[in-house]
Amino acid sequence: MNRIVIVDDSLVSGLLLKHLVNRVGGICALAFQEPMEALTHCAMAAPDVVVVDYKMPSLDGLTFVEALRSLPGCTAVPVVMVTAEAGVRERALALGFAAVLGKPVEPAFVRETVLRLLPPRPRLSAAG
């Protein structure tokens, strides 16, 4: 099962993203309102994808990802930025974010983006 970490200081936004991601299937999504809690979790179990809000009071999304990249096993985890801020997209992509989603998020685009970033699932061979 793929593990997705969602970091958004807004409870409603975090739950919405979690719901959208869980609809993909085969995913265990965890939503965190506090970026430091999310980093602690990622240090214990590297996620397959991280979805992070840009504007948060304690750490913004860019700073969060800098800290995430310093964790063992998390240097190459694909990260999706969610933001309503103009001009952040270019900075995020230049820093290596896999994708940037605008707010309000489009459900189909959230699911498509997460599916694209998940590691490939092993194929079962047909017995015959």
Side-chain angles (χ1 to χ4, degrees):
M1 182 164 288
N2 295 110
R3 293 176 318 274
I4 310 293
V5 167
I6 298 164
V7 187
D8 195 319
D9 61 306
S10 164
L11 177 62
V12 172
S13 294
L15 290 175
L16 171 64
L17 288 167
K18 181 179 176 179
H19 173 73
L20 294 174
V21 168
N22 278 334
R23 291 187 65 200
V24 171
I27 292 176
C28 174
L30 295 172
F32 295 89
Q33 284 183 272
E34 175 51 51
M36 294 309 291
E37 288 179 23
L39 286 170
T40 299
H41 175 79
C42 291
M44 293 185 295
D48 294 303
V49 175
V50 172
V51 179
V52 62
D53 186 32
Y54 169 67
K55 196 171 186 178
M56 296 183 286
S58 58
L59 289 178
D60 68 30
L62 300 174
T63 306
F64 173 86
V65 172
E66 285 178 15
L68 176 74
R69 296 282 183 239
S70 72
L71 299 175
C74 293
T75 57
V77 172
V79 180
V80 178
M81 170 77 70
V82 179
T83 185
E85 302 287 320
V88 173
R89 179 182 178 88
E90 293 78 20
R91 287 178 34 212
L93 293 174
L95 289 171
F97 283 72
V100 179
L101 303 177
K103 282 186 176 182
V105 295
E106 296 179 35
F109 196 57
V110 171
R111 290 189 298 273
E112 175 186 309
T113 300
V114 169
L115 274 173
R116 177 176 52 84
L117 296 174
L118 289 173
R121 292 182 181 167
R123 293 179 164 249
L124 298 176
S125 61

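Worth knowing before you read on, the calculation uses all heavy atoms, side chains too, and leaves out hydrogens, waters and symmetry mates.
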Keeping the roles fixed (side chain from R3, backbone from A46), state whether a donor-acceptor pair exists under 3.5 Å.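 It does hold such a pair.
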Under 3.5 Å, side chain of R69 to main-chain N/O of C74, donor-acceptor pair present?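 At least one qualifying donor-acceptor pair exists.
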Answer yes or no: does atom CD of E106 have more than 12 heavy-atom neighbours from other residues, nucleotides or ligands under 6.0 Å?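 For E106, atom CD is not crowded (no more than 12 foreign heavy atoms under 6.0 Å).
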[X], [Y]: one ILVMFWY side-chain cluster at the under-4.5 Å cut-off?
X: V65; Y: L59; answer: yes
X: V88; Y: V50; answer: yes
X: V5; Y: L118; answer: no
X: Y54; Y: L93; answer: yes
X: V7; Y: L62; answer: yes

Taking all non-hydrogen atoms of both residues, which atom of [X] and which atom of [Y] are closest, and how far apart?
X: V100; Y: A92; answer: CG2-CB, 3.8 Å
X: G61; Y: F97; answer: O-CZ, 4.0 Å
X: P107; Y: V105; answer: CD-O, 3.6 Å
X: A99; Y: T113; answer: CB-CG2, 3.7 Å
X: K18; Y: A31; answer: CD-CB, 4.2 Å
X: D9; Y: M56; answer: OD1-CG, 3.3 Å

With L17, the side chain to side chain contact (heavy atoms under 4.5 Å, CB included) member among N22, V114, V51, V52: V51
Can you pull out every side-chain hydrogen bond (donor to acceptor under 3.5 Å, both in side chains) where at least one residue sits in residues 70-94? Sequence neighbours excluded, please. none
Considering only heavy atoms from C-beta outward, does the side chain of L39 approach that of M36 to under 4.5 Å? yes
Would you indicate whether the side-chain heavy atoms of N2 and V49 approach each other to under 4.5 Å?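 A side-chain contact under 4.5 Å is absent here.
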